[in-house]
Trainee: 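Quick one: this structure, given as structure tokens, is what I'll be asking you about.
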Protein chains: 2
Amino acid sequence: MAKINEVAEAAGVSISTVSYALSGKRPVSPATRKRIEDAVAKLGYSPNASARMLAGRRTNIFALTEPLRTDTHVPTHMAFVLATAVAARRHDYDILLLTEEQAVSGMKRVASSGLADAILVLDVAPDDERVALARSLATPTVFIGVPDDHEGLVCVDLDFEAAARLAVEKLATLGHQRIGMLGMTESAYEKSNFPPRVRAAYEHRAAELGVQTFFRTSGPAQTDRNGCRVAVSEMLAAGVTALVLHANEDAHAIVLSELDQRGVSIPYDLSLISVGNSFDIDTLARPIDSLPLIPAESCNRAVELALESLDEGHRQPGLHLIAPTYLSRDSIGPWVGSTSDEPEAPAAM
Amino acid sequence: MAKINEVAEAAGVSISTVSYALSGKRPVSPATRKRIEDAVAKLGYSPNASARMLAGRRTNIFALTEPLRTDTHVPTHMAFVLATAVAARRHDYDILLLTEEQAVSGMKRVASSGLADAILVLDVAPDDERVALARSLATPTVFIGVPDDHEGLVCVDLDFEAAARLAVEKLATLGHQRIGMLGMTESAYEKSNFPPRVRAAYEHRAAELGVQTFFRTSGPAQTDRNGCRVAVSEMLAAGVTALVLHANEDAHAIVLSELDQRGVSIPYDLSLISVGNSFDIDTLARPIDSLPLIPAESCNRAVELALESLDEGHRQPGLHLIAPTYLSRDSIGPWVGSTSDEPEAPAAM
DNA sequence: TTGAAAGCGTTACCAG
DNA sequence: CTGGTAACGCTTTCAA
């Protein structure tokens, strides 16, 4: 725990020179720099974080607010938490956790005490109470996810609508006339912000292209392992020739096993595309085409926006939607036309 | 962002009196206190965290190091992360995240810069490299989990051995002569610290009581949904009349569904006890008796130990094992003696 | 019960 | 290229 003045003495220079040599904010001659570096090494000097914060008027800490509602998919969420931490560290920032009951009150606290330079918001709800709070705070705040009312906020997210549209277009181009979507759990369509956006874009684009759509959720709850199977069965029975998946990793695995059991071959009998998946698609038993939601991408962008906001005045409110990328795994193919046992076209569900 | 001197002026008192009135470290007359509180309210004053840290020589921040290895069960892990955050806040502390690549290097960083007052260690491996590091740091460090070599360290954990023994004793008392354990995934027995301890205690206590044991892992990997079914089938086939579960939530659900399909009735045909489960046992389709690992309990204790360590000199190295509690859900019953179709006793596995 | 002032360990401005 | 020194905003000792 040596202090900067000890380093200065050992190197025979002034305190300010040591500071500048370390920060690089002022040129220092190679000779003195060397003496300082030696002194630092010998004394094992490391600048005191608290003093640095006070003098530098910057804590190098981002607060991460994450209420973690009961219906949030934990592994997905964790991937985002880790991604923010990694992204922050690249810019020499640390992440301070504001969870559960502290998610809201903690925001006020770190803002008014100046503990955090900026706030990153995770687990965004459509009617998130942190929206109003963020507007009232002087501390820059970046939402990772898009609340219904995002006027004046900085938000980052995958362009889910574009991803859904792209999936539909791919399938329509291949001749599919009846496609289905397996969505997330029912509650996700009430409590989360993007599932409804995906569904709406999917249906809208399909209508534009004259493709008939079907939709099923993964079931009422995350614990329900059967919901997916039933949903898939029903859509197959309805004559669907392609399936868009917007669900968590478990649901993907269940769908694949169900298809496997039924002897449905991909992509010959059925085309499959995953949209907005935030897990590694290649760990599935049968990797499938995807338009993934990449946590690192969203979080890197969020951190960059947070940093920009620090340079007072440079705040740019608005949606920062990330263009989706299509990853091919040969799980989609042309629809080979009507076969003998094609069922009657039922009403859309 | 009012400052303390503004509050002092507004209240017509000195800076130090404001500080003392707010911290309560010195008696302040009711009259002045009131004037100060009014000034604080009017100005919306909130002490600056950085200045407080520097002057108070305490950051009120705990670093949480969590490498999050690939084979770590994420929901369980997350429960611990949240529990540390909640426990810390109760003592006015915040949690700073050190994940993945930062798990080790970050420890050095926050220790040498004085960013954290203490370090909490999660996701402890048997041969954890953070053990040696913790010994070399001046910053108090508390392990939540027990590494093989814990000489001189402060460690908190459930007394897994006691829990395993208790489970065996319960079953032995009820007359069971052949019991099985469904353990975690195979890799958990190499890369984590407590699974081997549970298994060893289970087998040792059973041997003492003359009970024959069987053991199976949940399969090679977390993604393998079939491992549990096979494991259970094999143990049932071997004539096991009671099962001790030391596995994650998914595995519990799979076991229950398998037993249900086979028409095995609990506790009449089979007794079931869960050991070291860190999820809510009552969300299972059929709640079962358990000796749970309660994240909040471990983390509260860890935070308390960390705080004690701050009062220089009060450090008490050693294992702090939490006594297990037995939660009854009527999932164990007496063994009704040998029935007609009892299989031959095979060699223990 | 209260006040004055000396730190806490840096950063960054102003001089040279 | 380098040094002196005034902040940074609070805590806490010393004095009254």
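In the text below, chain A, chain B and the rest are named by the order of the sequence lines, each starting its count at 1. Side-chain atoms are counted along with the backbone in the values below, which use heavy atoms only and exclude waters and symmetry mates.
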Trainee: What's the shortest heavy-atom distance between B/Arg35 and B/Gly12, and which atoms?
Mentor: NH2-O, 3.7 Å
Trainee: Which residue, B/Ser14 or A/Pro47, contacts DNA chain C at a nucleotide closer to its 5' end, judged by nearest heavy atom?
Mentor: B/Ser14
Trainee: From the options D/dT13, C/dG9, D/dT2, select the nucleotide whose nearest atom is closest to the side chain of B/Tyr20.
Mentor: D/dT13
Trainee: In whole angstroms, how far is the P atom of D/dG9 from the CG atom of A/Leu115?
Mentor: 15 Å
Trainee: Strictly distance-based, threshold 3.5 Å: is any side-chain N or O of A/Arg58 a donor or acceptor partner for the main-chain N or O of A/Asp117?
Mentor: no
Trainee: Please identify which of these residues, A/Val124, A/Leu98, A/Asp123, meets the side-chain contact (heavy atoms from CB on, under 4.5 Å) condition with A/Pro67.
Mentor: A/Asp123
Trainee: Please state how far atom CG in A/Asn60 lies from atom C1' in C/dT10, giving the value in whole angstrom units.
Mentor: 13 Å
Trainee: With a 4.0 Å cut-off on heavy atoms, is B/Ser16 in touch with a base, just the backbone sugar-phosphate, or nothing at all?
Mentor: base
Trainee: Supply the atom-to-atom distance A/Tyr45 OH to A/Asn5 CG, rounded to the nearest 0.5 angstrom.
Mentor: 9.0 Å
Trainee: Please determine whether a side-chain nitrogen or oxygen atom of A/Lys25 lies at a distance below 4.0 Å from atom OP1 or OP2 of C/dA12.
Mentor: yes
Trainee: Please give, in whole Å, the distance from C/dG9 C1' to A/Arg57 CZ?
Mentor: 16 Å
Trainee: Is any N or O donor-acceptor pair between the side chain of A/Arg26 and the base of D/dT2 shorter than 3.5 Å?
Mentor: yes
Trainee: Would you classify B/Thr32 as touching base, sugar-phosphate or nothing, given that sugar-phosphate means primed atoms plus P, OP1 and OP2, and contacts are heavy atoms under 4.0 Å?
Mentor: sugar-phosphate
Trainee: Which listed nucleotide (C/dT1, D/dC10, C/dT11) is nearest to the side chain of B/Asn48?
Mentor: D/dC10
Trainee: D/dC1 P sits how many Å from A/Ile15 CD1, rounded?
Mentor: 21 Å
Trainee: Give the rounded distance in Å between these two atoms: CD of B/Glu9 and C1' of D/dG9.
Mentor: 14 Å
Trainee: Between A/Arg35 and A/Leu54, which residue's closest nucleotide on DNA chain D lies nearer the 5′ terminus?
Mentor: A/Arg35
Trainee: Atom CD1 of A/Ile4 to atom P of D/dT2: distance rounded to whole Å?
Mentor: 15 Å
Trainee: Measuring from B/Ser112:OG to A/Asn48:CG, what's the distance to the nearest 0.5 Å?
Mentor: 10.0 Å
Trainee: The side chain of A/Thr17 is closest to which nucleotide in this list: C/dG3, D/dT2, C/dT10?
Mentor: D/dT2
Trainee: Judged by atom type as modelled, is there a donor-acceptor pair below 3.5 Å linking the side chain of B/Asp92 to the main-chain atoms of B/Asn60?
Mentor: no
Trainee: Can you work out whether B/Val28 or B/Ala55 has the more 5'-proximal nearest nucleotide on DNA chain C?
Mentor: B/Val28
Trainee: Mind calculating the distance between CZ (B/Arg52) and C1' (D/dT12) to the nearest angstrom?
Mentor: 14 Å
Trainee: Would you indicate what B/Ser19 reaches in the nucleic acid, counting non-hydrogen atoms under 4.0 angstrom: base, sugar-phosphate, or nothing?
Mentor: base
Trainee: Of the candidate nucleotides C/dT10, C/dT1, D/dT2, which contains the atom at the shortest distance from the side chain of A/Ser29?
Mentor: D/dT2
Trainee: Counting only side-chain heavy atoms from C-beta out, which of C/dG9, D/dT2, D/dC10 sits nearest to A/Lys3?
Mentor: C/dG9
Trainee: B/Asn5 has an atom CG; how far is it from atom P of D/dC10, in whole Å?
Mentor: 7 Å
